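Heads up: the structure comes next, in structure tokens.
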Amino acid sequence: MRITQGCFSFLPDLTDEQITAQVQYCLDKGWAVNLEFTDDPHPRNTYWDMWGLPMFDIRDAAGIMMELAECRRVYGNRYIRLSGFDSSHGWESVRISFLVNRPKEEPGFRLNRQEGVGRRVTYSTHAYAADLPEEQRYQ
Amino acid sequence: MLDTPGPTSINLREEFDAVGIAEVFKELDRDLVGLKPVKTRIREIASLLLIERVRKKLELATEPPTLHMSFTGSPGTGKTTVALRMAGILHKLGFVRRGHLVSVTRDDLVGQYIGHTAPKTKEILKKAMGGVLFIDEAYYLYRPENERDYGQESIEILLQIMETQRDDLVVILAGYEDRMEKFFQSNPGFRSRIAHHVDFPDYDDAELLTIAELMLQEQNYAFDAAARAAFIHYIQLRRSRPLFSNARSIRNALDRVRLRQANRLVGNLDRDLTRDDVTRIAAEDILASRLFAETPTPAASRDA
């Protein structure tokens, strides 16, 4: 199941050229671009691992793309997302975030139903990938 | 269906005007005194790049030219200033995308412990992407007397990026000529990746005087006739001293002269100052320099 998270996620995966254009847009706006990766694709997982520090003071997308290439080389079979942080007063938050890399196989999610008091049903989603211990998912 | 053919001819004048390179040349001639060989070299490089642009438009096979450069010359001969201009020129011609200059020395590239150097160097490279990376006193990167020095690691990363990301980044190395020569000898990889070696000559006395007057003009000061004569003499004396660094020495001298002028004016509080009083540098402001006291040449004693 193809995961849809962040901007552009209902489009076909962005090409490197398109990613470069998006990154340049972020930089021109003065946002700090950050790379993160994870092997737990649950939408409520906010704890992605950071690939180095957020990149401040960069003028051209080529620098970011260099880091992205390096991140893909190491974690090529995980989810990698790129986010742009706007530090200007009043925003101080992430303005854009999109996936730039995904594993070859995405096993998807299982829907768990739990019947509680008075036959009230609660739902939860569980990533099949998360059944395996960390580091063994998406081999 | 046939492909639409590209243009068959291109007007060079239009192309020349389109990139606005004439402006840059004019600025160069106006703001940079002397430096004949450097200007000639910049013109040559600019011409090559212009033709390269035309060739691209005519759909002739082009390989992105290697633009890495090395600037050699004594201190204060304008290497950094020219590097800054170079970034602008390359940007106008479309060979770097942003046209900013990142100026670094060994400290910014080389780390202090194992595993510190590579991220540090890469950080700088990332910042310089799309512009020009200017490495001042580049020979300090290589310290042959210490074989565990981390400089070598930094050099390797630099070389690799200089080769693989030629479109993204232009590297300019700068330093004194003899030491750069030694640096290139021990790092042949660098020499072969650098296309343009530009040598900056020392300024002669007349050029230094022109520079001094330009600097003063920018700050709204001016020599009077006696001060001008004194400064000509000052330049001659200063040149023979150790650690003479061309335009930089002149700038420092002028800063001290301004200090003395201010002090002279403050010495007499009970009067009204005119515009002329505060802009004029008098001979005594210059002659108070230590140089004149230490070298009692006949000329100096006459002036004093």
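Just so we're on the same page: letters track the sequence lines, and every chain starts at 1. FYI, side chains are in, hydrogens and waters are out, and symmetry mates aren't considered; it's all heavy atoms of this structure. None of the values given here were measured: they were computed from a predicted structure.
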Checklist line | Residue A:Met55 versus chain B: region with a heavy atom under 4.5 Å | finding: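 Side chain only.
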Quiz: residues 38-45 of chain B side-chain donor-acceptor pairs under 3.5 angstrom, not counting sequence neighbours:
unit_1, atom_1, unit_2, atom_2, d
B:Lys39, NZ, B:Leu32, O, 2.7
B:Lys39, NZ, B:Gly34, O, 3.2
B:Thr40, OG1, B:Lys36, O, 2.8
B:Arg41, NH1, B:His197, O, 3.1
B:Arg43, NH2, B:Asp29, OD2, 3.1

Do other residues, nucleotides or ligands put more than 12 heavy atoms under 6.0 Å from the [atom1] atom of [X]?
{"X": "A:Tyr25", "atom1": "OH", "result": "no"}
{"X": "A:Arg2", "atom1": "CZ", "result": "yes"}
{"X": "A:Gln136", "atom1": "CD", "result": "yes"}
{"X": "A:Glu115", "atom1": "CD", "result": "yes"}

Check: Which pairs, with at least one residue in residues 17-26 of chain A and sequence neighbours excluded, count as a salt bridge (Lys or Arg N to Asp or Glu O under 4.0 Å)?
Finding: none
Check: Tell me the salt bridge (Lys or Arg N to Asp or Glu O under 4.0 Å) pairs involving residues 74-92 of chain A, sequence neighbours left out?
Finding: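 Applying salt bridge (Lys or Arg N to Asp or Glu O under 4.0 Å) to every pair that reaches into residues 74-92 of chain A, excluding sequence neighbours, yields A:Glu36-A:Arg81, A:Arg78-A:Glu135, A:Asp86-A:Arg95.
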Item checked: Distance (rounded to the nearest 0.5 Å) between B:His100 NE2 and A:Ile58 CD1 ->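 These two atoms lie 9.0 Å from each other.
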Check: Considering only heavy atoms from C-beta outward, does the side chain of A:Met66 approach that of B:Ile161 to under 4.5 Å?
Finding: yes
Margin query: Taking 4.5 Å as the heavy-atom cut-off, does anything in residues 120-134 of chain B contact chain A, and if so which residues?
Written below: B:Lys122, B:Lys126, B:Lys127, B:Met129, B:Gly130
